[in-house]
Amino acid sequence: MSTPLAQRLYELRRSSGISQEDLARKLGVSRQAVSKWECGESVPGTDNLIALARLYGVELGSLVGIDNDAAGAENENPAQAMGGSPTTDSLQQANCPAAENPAQPATAPNPSENEPESPRPFQRKLLLITCGIAATLLTLMLVWCVHESKPDYIIIEGTVIARDERHGDFVVDMGPTDSYESRYIVCSVDSNTMYTVSNEVDPPDAPDLPEPITGDIELQAGQHVWVSFDVRGGKPWPEAQNLAESVEIAEEDNE
């Protein structure tokens with residue numbers, strides 16, 4: 001059934017020299033949708049009406065037939081305003097897909113035409129940017145929390161059971177432990193390793209130990225030690241050899 005809006009859409013498209021397929025591509029819809037508009041079987045959405053008015057260079061009110069002339073014509077001839085013009089049948093045949101392309105079979109209605117239109121590109125971009133910023137902030141917060149939860153130094157306590165006389169490296173037996181895969185830790189030293197002797201019973205809380213003892217200190221098997229390792233910056237620990245930041249030797253009781 002043809003309507004005044006369908007007739008105007010058909011006439012404007014024909015006068016503009018645009019085919020249904022070209023118009024469908026410009027609006028981003030199917031050719032069947034354009035054919036239904038011009039046959040009066042469906043009505044374009046608001047966004048499509050605005051796009052059609054801009055494309056044809058007419059006012060939106062003139063396109064939908066709400067101007068004064070259209071209102072007067074509807075009052076004089078209500079039957080014609082409802083679509084009962086003498087050329088209805090010929091217009092319907094000219095507008096329908098089968099009439100424009102007889103070799104093409106009738107196509108079933110596309111369910112997507114009745115679905116709500118997706119958000120505009122700007123809104124989608126804004127939503128994606130917002131989600132990206134939120135994800136970045138969340139990642140930074142997680143990285144900061146993980147970094148804050150990691151200690152700067154690791155301190156082990158145990159007994160020296162072996163020592164390399166040439167290089168100064170030694171092995172500490174921590175005793176039974178569930179904290180590490182092995183109870184034995186190989187400790188390496190260099191010129192920056194600080195040695196101290198302490199009579200404290202409890203292990204140190206940090207590597208800034210008492211004043212280092214000047215002179216050479218040689219570890220001996222059987223000595224009780226606290227060894228600290230610098231793990232700042234995500235240094236892996238333990239490894240095959242672990243560079244000691246400081247070594248505190250428990251002072252032997254001579255009594």
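Because the structure is predicted, anything quoted here is derived from the model rather than measured.
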Heavy-atom pair of closest approach, residues [X] and [Y]:
X    : Y    : value
F229 : I185 : CZ-CG2, 4.4 Å
S42  : A33  : OG-O, 4.4 Å
W37  : L27  : CZ3-CD1, 3.6 Å

Original post:
Is the shortest side-chain N to carboxylate O distance from R163 to D169 below 4.0 Å?
Top reply: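 Result for this pair is no, no salt bridge flagged.
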
Give, for atom [atom1] of [X] and atom [atom2] of [Y], the distance between the pair rounded to the nearest 0.5 Å.
X    : Y    : atom1 : atom2 : result
I156 : C187 : CD1   : SG    : 4.5 Å
S62  : Y56  : OG    : OH    : 13.0 Å
L63  : L55  : CG    : CG    : 10.5 Å
T3   : E41  : OG1   : CD    : 10.5 Å
S246 : Y195 : OG    : OH    : 10.5 Å
H224 : I249 : NE2   : CD1   : 12.0 Å

Do the side chain of [X] and the main chain of [Y] share a donor and acceptor less than 3.5 angstrom apart?
X    : Y    : value
N242 : V186 : yes
S35  : R31  : no
T193 : A244 : yes

Original post:
Does one hydrophobic cluster hold both L137 and I129, with members joined at side-chain heavy-atom distances below 4.5 Å?
Top reply: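 Both belong to a single hydrophobic cluster.
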
**OP:** Count the heavy atoms of every other residue, nucleotide or ligand shown that sit under 6.0 Å from CZ of R54, and state whether that count exceeds 12.
**Re:**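 12 or below, so no.
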
Original post:
Any side-chain heavy-atom pair from V172 and T159 closer than 4.5 angstrom?
Top reply: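 They are not in side-chain contact.
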
**OP:** Return yes if a side-chain donor-acceptor contact under 3.5 Å exists between Q20 and E38, otherwise no.
**Re:**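 E38 and Q20 do have a side-chain donor-acceptor pair below 3.5 Å.
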
